[in-house]
Amino acid sequence: MASAKRKRSDDDAEDATPRKLRARPPQDDTFGEQEADEIQTPSRRKRGQQAAEIGTPRSILKKTGLANGINGTTPKSHRKLVFETPTKSVERATPNGTPTIVRNADRSARRKSNRRLIERTMNGAESDEEALDEEEELAERILSDEDGEQDDTQAAAEEDVPAPETPSKRGRGRPKGSGKKGRPPKQRSPTPPQELPPHEEYFWQNRPGGTKTSNNTLPPQILLNHDEYFQAMQTYQDRHESEMKFLLELHSRAYDQWIFELEEGFNLCLYGYGSKRPITEQFTAHLYRHLVNQKPYKGTKKTPKVVVINGYATGTTLKDILTIVASAVVPTSIKLPNQLNSLLAFILEYLSENPPSHPIPIVLNSIDSPYLRKSPVPAMLATLAAHPSVNLICTADTPNFPLLWDVGLKSQYKFLFHDATTFAPYDAEIDVVETVNELLGRSGRRIGGRDGVGFVLRSLPENARKLFRILVTDQLALLFMDEGGQDEEDSARTPSSKYARTKNTISDSTQGIEYGMLYRKAMEALVCTSEMGFRTLLKEFHDHQMIESTKDAMGTERLWAPFRQEELEGLAEDLSGDAL
Amino acid sequence: MEREHQRCYIYAPPATEERPLKRQRTSKFNPQAQLPERLSTFRHIWSQQEERIKATLEEADSSTQERIVNFVAASAQSTGESQGAIPTGLIVAGPSIASHGPFFERLGRRIRDRTSCTYVVLTSGESLNLKTFLKNVIKKVTSRVDDDDDDDLGRTPASSRKGPKLLDFDLGHVQEWQKKNRVESIVVVIQDSEAFDTGILVEIVNLFHSWLDRLPFILLFGIATSAESFEDRLSGHSLRYLEGQKFDVTQSDEIIEKLFRVTVAMTDIPLWIGPNLSRRMLDRQRDHVQNVQDFVDGLKYAYMSHFYASYPTIILKEDLAFKDLPSDAFEAVRNLPSFRVWIEELLDQRRASDVRQLLDDDQYLFEGIVEYVEECRKALSTLSQAARALACIRESLQMSPHVHLSTIWTRAASGELLATPLLRETMLSIKKTPSNKLVQLLVSMMDSDGEAFPIDITAFQRELADLIKDNASSAPLRSQDDVRSDSLRTTVVAQKVLLSKHKAALSEQDKAYSDLIGRFHDGLEAYFSSAFMDPRTLFLSEIVMHDLKSPHTEVFQPKPRFAIERALACPHDYLGCDCCSGQQNEDSALSTTQPATAILYQLYLESGAFINAADLWSAFNAVVGNEEKEEEEESKTMALFQRALAELKYLGLVKPTRKKTDHVAKMMWKGL
């Protein structure tokens, strides 16, 4: 609602320093063209959009309508049209300082939208589409209620035109190259209301209906495989290389300070976006040089031992860490205990009894890697780090890493945190191709897709092939059921889509074949005679990463072959045609 | 390069690289020039503080620990006789779980020193069920004396000799060990009793009880809530097996208050922490951590950054001599804001020649520095003393809103105490104090600050003692301001009620007492008003008082999520490049030039809970890709897209979903 207050805050935004403005836009545009936007009455849009001009009265609708009657389609018009309509009124019904007429108009609009909302809630959750239609209709009606002007409805209608049923980024039609031509990519996206309390913001960002996405899929061959990826990356030159170097140089100025902090018994934790390996690498070298010039080493052949651990490397265990630390601490002649707990105790005891001339530096890249997150590891690392003769320098990549440690652990770690944003690519930390395949459920590509599976299956006994065929066909059957549901949903704009939707959600959670079911089917097909045999067959598949399994919410194990539909179809064909 | 995929290794410098150190550059100004001197000053000053802290901590919970040790010793003696129940100590250690670990560690040391008991601490993390709990108990008890390897070798044959082999969670191992070692008792500490499953606790109690005739167990429970709630969790049946005694541990906020008293609100320290910083630290303690060690660390870091980063801190060196200081130091001092304030003051007093000399003559400035460091310290120490006196007065008068010394001190140091109701109220209630309370007040003030106090307390004490001696009645002497000596009189005159206040007639002694308390009050008032000045107006106050929040907050309360979100949402903030400031064209915050992950992240922000990867790709391609569709160009864009997507996954922003093909689920929402 365009109360005086609201206006003032807009003024403020305008008056802000350019720097602030610069920093702001991304925040404004946090939320995109999603279904829920549709649910909003158009009036809601662009609330708080700073780019819009200041102090336009609430009847801006009229104005923009006139001003943009001719080229109503330009983004500009939408922004204005959309801005400063009775936004807050829906949530905070506090009309103050607005002219009466405007307020009344507001009120009627609000009343209607409220009534609509209540009705809808009473009738139970309807499908998104319906909500969408309703809202659009409502929006139109409000608009025409308010000024009854043709061009407004037109504007509202125009707004819908580029937003087809699938309002994803693409659907909204950001034409190719539009980002360059200065057509703002987000001008259609209403900015979320600003300065909401955190919990409200959560609900805003998670509002229902926001999950509507298109059914587009990536063409099967578009994702690069390892070779293609590396080839493409080899020729790629980051345009920010010099800036990244500069960032690194900035961080490197703090190395001496860090050494001082380590000497005073603190441990270091570096966080921020970008791989921090370049920093730890440099710092390790720096620390090494620093130590070499210190007392016990200066002028001698002895060298300090700096332990480096790459927590992100696959399968890093606490055992590896403790062993390498022990090798740096304890002379090789002493036999080390085998058990983790006793090994740790042994190291600590040894350090207490034979304190080294300087604390042993341990550089740990990615302390929050999945391999080091599980229960005993953080606690034991903390115990190790708490020892005065150990200096831990670690990096953390994820944004929420402090949640790994409770107050007790945190006080043991005795961390000083430094922002070490580098923007460097996580080359070593991530296997890009693999991660993306997994993310998009294409881990089947790992063994070379259909051909690879065929190759493996050929080397397996007949029964294994039969079992795999059962799995694949069942999975396909499930997929077809899903498909049916989805098609129905897409075609149906009637309440029946509600049914489709629920059905769809059910099948969502039941992807894959239940273990028991598959076993029964295998028994019926005389593939195996005992669970033992069944397991053996499955193990072979697991080893070749041809199937994956998970436990669903009920705790039942589910199995599936990690392939996409086309590949599954191909596989089924191969298997039934006995081409294998 | 090979190394980056290695799990762990010992660093070895590249063999060829023997280049000279980078830092031998020949720049004219080296900010680190006097660093070693400053750091040694830091170490000197900090070691004094550390002493104080250590003494305070030792003293803080020593009495409780003493009682627990005595309890253990007593129970160890008596275990032979009464087999009815396990002696149990319920140690109510308060909600700050971070301090539990160190507490039990100190306790363990004490118990081992003073008695011949073994002492093992068990936490919930290592005791998921009874079996692992027992395994851990056995491991810890038996390896306490035996060497680790021996224990592996020695145990197995021993058990095989005697018939059936014992399972590794059989307390029989402990029994065997007990036969060899003959300890008085086995103290088992359950550090975080709340985190234990009730079932396990009950089983532990029952099992230990059944072994009590063979193994002398003593149980100690660490309790964060209350002994009652602990009791509620156990059934009456198992409670009967316990013979408990409750111990209250000093809570961490009290300890921190004590620490603050000796380290910050202290009279004779060379360096103070400023009001803003100390308020920040105290708030953090109260709201977030509640951890003594953390407070100490914060204090230490403040000292560290003070000396590390600020060049003029060199003048805090003890026995400072003119020749110790390079001219840079004087330059640095001349650049202090407080120097400017001082100069302006001098100019106002029309002492231009002094100003000129201060600006030109290092020697002259040096004398000024020496004088003012002293003066600043004096001011701060008077302020601390006054704050302590005020806290002491309020405490002994038992004034109702209990205000901690830390609060009083921080307010005093920010120069805002003089005008507050807090001070006014205190002064008023001093006026009304009857003699019996005044005696206590004087005694406690004497105890806390003693002779250093500018008001001669002993004189007052003597005078007061004389007055009391003369007082025949048993009632304490009252001052004229005491409300109780007022009485209200109602008179009805011409049908109107008149209310009038009357001072009750004061006896001679009361008058003398009023006079005495009046003098005491005036003396205090004058003292407070001189002491509670704003120390930040003094020259060199920023050297003697460290009050910068800058490195402190970031280092102790990082906002990693915010940092990452910011880096991705507005990379320009970090990169500072010309290309993606987004300023020239306000509308397109999403510019082609931004790093791929940043672009993808901003697209990500626009979407709902599920994201269609295909659409994401086309949007990304539209922003990044080249218009003329070359094959190579597109695969490069795809590579960038894949990398960016993988990074989002790595950062935990997206996860796979199987709800729809080619969709990913959004995991984090910005700015929440």
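Labels below follow one simple rule: chain letters A, B, ... track the order of the sequence lines, proteins then strands, and each chain is numbered from 1.
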Non-hydrogen atoms of B:Met638 and A:Ile222 that approach each other most closely:
CG-O, 3.5 Å
Could you please spell out the steps behind the side chain to side chain donor-acceptor pair (under 3.5 Å) verdict for A:Asn216 and B:Asp615?
CA-CA 7 Å; A:Asn216 300 347; B:Asp615 291 341; 2.7 Å; yes
Tell me, yes or no, whether the heavy-atom count around B:Gln557 atom CD, taken from other residues, nucleotides or ligands under 6.0 Å, exceeds 12.
yes
Can you tell which part of A:Tyr288 gets under 4.5 Å to a heavy atom of chain B, answering side chain, backbone, both or neither?
side chain
Which answer fits A:Ala379, side chain, backbone, both or neither, if we ask what part of it has an atom under 4.5 Å from a heavy atom of chain B?
neither
Would a distance-only check, ignoring hydrogens and angles, find a side-chain to backbone donor-acceptor pair under 3.5 Å from A:Asn310 to B:Cys8?
no
Out of B:Val664, B:Asp297, B:Val654, which one racks up the most heavy-atom pairs below 4.5 Å with chain A?
B:Asp297
How about B:Met668 and A:Pro399: do any of their side-chain heavy atoms sit closer than 4.5 Å?
yes
What's the shortest heavy-atom distance between B:Arg643 and A:Tyr229, and which atoms?
CD-OH, 3.4 Å
Measure distances from A:Ser411 to the heavy atoms of chain B and classify the residue's part below 4.5 Å as side chain, backbone, both or neither.
both
Neighbour count above 12 (heavy atom, 6.0 Å) for B:Lys559 NZ
no
Answer with side chain, backbone, both or neither: which region of A:Glu261 has an atom nearer than 4.5 Å to a non-hydrogen atom of chain B?
both
Closest non-hydrogen atoms of B:Ala646 and A:Thr435, given as atom of the first, atom of the second and distance, are CB-CB, 3.9 Å
Salt bridge B:Lys649-A:Glu438, side-chain N to carboxylate O under 4.0 Å
no
Does the side chain of A:Phe417 reach to within under 4.5 Å of the side chain of B:Pro560, using non-hydrogen atoms?
no
First locate atom CZ of A:Arg239, then atom CD of B:Gln594, and finally report the distance between them rounded to the nearest 0.5 Å.
10.5 Å
Closest approach of A:Thr314 to B:Arg7 (non-hydrogen atoms, all atoms of both residues):
O-NE, 3.2 Å
Rounded to the nearest 0.5 Å, what's the gap from OH on B:Tyr9 to CD1 on A:Ile324? Could you check?
10.0 Å
Side chains of A:Thr217 and B:Asp662: do they bring a donor and an acceptor to under 3.5 Å?
no
Tell me, do A:Tyr426 and B:Leu651 make a side-chain contact under 4.5 Å, heavy atoms counted?
yes
Out of A:Lys305, A:Glu264, A:Glu243, which one racks up the most heavy-atom pairs below 4.5 Å with chain B?
A:Glu264
Which atoms of A:Tyr236 are under 4.5 Å from chain B, going by heavy atoms: the side chain, the backbone, both sets, or neither?
both
How long is the straight-line distance from CG of A:Asn400 back to CZ of B:Arg561, given to the nearest 0.5 Å?
5.0 Å
Measure A:Pro402 against the heavy atoms of chain B and call it side chain, backbone, both or neither at under 4.5 Å.
side chain
For side chain to side chain donor-acceptor pair (under 3.5 Å), just list the numbers for A:Asp419 and B:Tyr574, CA-CA rounded to whole Å, side-chain angles, deciding distance to a tenth of an Å, and then say yes or no.
CA-CA 11 Å; A:Asp419 185 345; B:Tyr574 278 97; 2.7 Å; yes
Should A:Phe260 and B:Leu39 count as side-chain neighbours, where that means a heavy-atom distance under 4.5 Å?
yes
Compare every heavy atom of B:Thr593 with every heavy atom of A:His240, then report the nearest pair and how far apart it is.
CE1-O, 2.9 Å
So which part of A:Phe246 gets closer than 4.5 Å to some heavy atom of chain B, the side chain, the backbone, both or neither?
neither
Is it the side chain or the backbone of A:Ser242 that comes within 4.5 Å of chain B heavy atoms, both, or neither?
neither
Shortest non-hydrogen contact from A:Gln257 to B:Tyr308?
N-OH, 3.1 Å
Picking from A:Val307, A:Asp320, A:Thr317, A:Val292, which has the most non-hydrogen pairs under 4.5 angstrom with chain B?
A:Asp320
Output, in order, the C-alpha distance, side-chain angles, deciding distance and verdict of side chain to side chain contact (heavy atoms under 4.5 Å, CB included) for B:Lys139 and A:Gln339.
CA-CA 11 Å; B:Lys139 213 183 304 162; A:Gln339 260 236 324; 3.4 Å; yes
Does any heavy atom of chain B fall under 4.5 Å from the side chain of A:Asn365, the backbone, both, or neither of them?
neither
Test side chain to side chain donor-acceptor pair (under 3.5 Å) applied to B:Tyr650 and A:Asp431, A:Thr398, A:Asp397, the passing residue
A:Asp397
Counting only heavy atoms closer than 4.5 Å, note whether A:Tyr273 contacts chain B via side chain, backbone, both or neither.
both
Given B:His100, B:Lys300, B:Lys655, the one with more heavy-atom pairs under 4.5 angstrom with chain A than any other is B:Lys300
Engaged part of A:Phe415 at the chain B interface, taking heavy atoms whose separation is under 4.5 Å:
backbone
Using a 4.5 angstrom heavy-atom cutoff, name the option from B:Thr123, B:Leu640, B:Asn136 with the most pairs to chain A.
B:Leu640
Is it the side chain or the backbone of A:Ile430 that comes within 4.5 Å of chain B heavy atoms, both, or neither?
side chain
Relative to chain B, which segment of A:Phe266 carries a heavy atom at a distance below 4.5 Å: side chain, backbone, both, or neither?
side chain
Interchain contact, B:Glu647 with chain A, by part (heavy-atom threshold 4.5 Å):
both
Pair A:Val308, B:Ile10 - check side chain to side chain contact (heavy atoms under 4.5 Å, CB included), show working.
CA-CA 6 Å; A:Val308 183; B:Ile10 303 269; over 6 Å; no
Measure A:Leu439 against the heavy atoms of chain B and call it side chain, backbone, both or neither at under 4.5 Å.
both
Within the distance-only criterion (no hydrogens, no angle test), does the side chain of B:Gln642 pair as donor or acceptor with the backbone N or O of A:Leu223 below 3.5 angstrom?
no
